[in-house]
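This is a predicted model, so every value here is computed, not measured. All ligand and atom numbering here is 1-based and tracks the order in the structure.
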Amino acid sequence: MSTISQNGSFAENQPDEQFRDKISTVDKSGKRIWIYPKKPSGRFTNYRTWLSWLLLLILFGLPFVKMHGEPFVLLNILERNFILFGVHFAPQDFYLFAIAMLILLVFIILFTVVFGRLFCGWVCPQTIFMEMVYRKIEYWIEGDYHAQRRLDASPLTWDKAWKKTTKHLSFFSIAVLIANTFLSYIIGMDEVIRIVFDPVTRHMTGFVSMLLFSFTFYIVFARLREQVCTTICPYGRLQGVMLDNKSLVVAYDFVRGEPRGKIQKVKAAENDLAMPLTDRKGVVASSTYTPLPVLGDCVDCKLCVHVCPTGIDIRNGTQLECVNCTACMDACDDVMEKVHRPKGLIRIDSIEGIEKGKRHIFTPRALAYSVVLLLLIGVEVLLFSLRSDVEVLLLRTGGLLSQEYADGTVSNLYNYQLINKTSKDIALEFRMMEPSEGTFKIVGGKTPFVGKNNKSEGAVFIRLPKSVLKSGKNNIVVGAYAGDILISKVKTSFFGPVK
Ligand code: SF4
Ligand code: SF4
């Protein structure tokens, strides 16, 4: 995607070389440009760091949380056993999952329409691991961006060898930790701990899968890095259709910042270090000096570019690569403070906000998405409240006729299926509800039983007095009871004798 200008006149004023038709990390020959971002610091970096620690704590801590002796969250797709916030879900609840995914999709679209790609920079696990874990280790071992660049360009020495080895060993160890954490969401933390302490030969398949996942995470964070956000992630690719000029994004205030100009030139022109910015907009120039061309607030220090983890210049407008990490906001605020200009030259704002000073968060588009979102949430809540923990299916066995007995009763054969989504074993008993008379005879004689998070099947004869049958096909209601508690009411049909 080419660099998009936010404002036509601004675009016309920029040299051609500032605009591109390729991503920022690829050079003219198609080779990757390795990004060495400067270590960010400032207010927003601090907020992001605190939020990241909280999210990492939740990610790594949740598999250890239990409720009634069971994982609080478990997504065991292998055994089709799902627990979300202590509530069991069976594959039969897939419709709830499908609606939940739709809710998530509409929420992401709505959030993006209003707040741009803020999710990417602040909440996405890829950015959190990359910027708050891996990048920090890299800064700690190899130093800031200049030192890293020098180290990579230097010949192999003892210093380079131990730094690179330590870094990559640390990277791989964290990748193993991430792989095991994700595994614990699938098979449970108890199982992961057991596998870890068992001899490797007992879990060869699991061990090889874990190594493969670890290696994948290692490649993602050691090599792919920002390429995941700029070329692989589908959410990133969709930005172009979701954003409009009312969306809040990390944006450079070109109205205030342009025309940009280096502060040194101004100092030289004025020869007055005490008043270096008298040529800036909004500052009254001293009458003792020759009037200078009026510059905007951007002093063209390029610090916003140096801190950018995706290697872009935010002054060229909203771009596909921007993950809204806000590192450039911190860098620029720091510069503005030093040159005694108001902060927020790069800030979270909409293009309309920058051009006209107007901000409309709840645009008709955002309101339409909100309505759809609320409707979907309503449907999900309703269906969730109607969902039962134990499902009972009772179907007349196909191809069989009714059987008449000498005592004036008629029987039909049924197949039943019990699905237990709770963490307790349940024994059930069938009782007639409509009509109130009737008896049940379980084929095999055993009480219907279903283990926790399991399902069971069986067959049962239902016998009704002929006198309660109104026609050849009758509607009946059967109650499934656990003790005296009615678990489920099942409507089915009962065939009378053929006349
Ligand atoms: S950090 Fe601010 S002043 Fe420096 S180049 Fe970027 S926008 Fe201009
Ligand atoms: S332009 Fe700014 S907000 Fe966007 S990715 Fe670069 S540093 Fe982060």
What I want to find out is whether [X] reaches [Y] closely enough, with some N-O distance under 4.0 Å, to be called a salt bridge.
| X | Y | result |
| --- | --- | --- |
| Asp198 | Arg202 | yes |
| Glu391 | Lys421 | yes |
| Glu138 | Arg225 | yes |

Legend entry - Side chain, backbone, both or neither: Ile346 near ligand 1, heavy atoms under 4.0 Å: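 It is the side chain that touches ligand 1; the backbone stays farther off.
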Under 6.0 Å between ring centres: does that hold for [X] and [Y]?
| X | Y | answer |
| --- | --- | --- |
| Phe221 | Tyr134 | yes |
| Phe89 | Phe97 | no |
| Phe217 | Phe182 | yes |

Do me a favour and list the nearest non-hydrogen protein atom to [atom] with residue, atom name and distance?
| atom | result |
| --- | --- |
| atom 4 (Fe) of ligand 1 | Cys301 SG, 2.2 Å |
| atom 6 (Fe) of ligand 2 | Cys308 SG, 2.3 Å |
| atom 3 (S) of ligand 1 | Val299 N, 3.5 Å |
| atom 5 (S) of ligand 2 | Val323 N, 3.4 Å |
| atom 2 (Fe) of ligand 2 | Cys328 SG, 2.2 Å |

Legend entry - ligand 1 contact by Arg260, heavy-atom criterion under 4.0 angstrom: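 Under 4.0 Å: no for Arg260.
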Legend entry - Interfacing atoms of ligand 1 (cut-off 4.0 Å, heavy-atom, Cys332):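 Under 4.0 Å from Cys332, ligand 1 has these atoms: 1 (S), 2 (Fe), 7 (S).
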Legend entry - Presence of N, O or S from Cys325 under 2.8 Å of atom 8 (Fe) of ligand 2: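 It does; at least one qualifying atom falls short of 2.8 Å.
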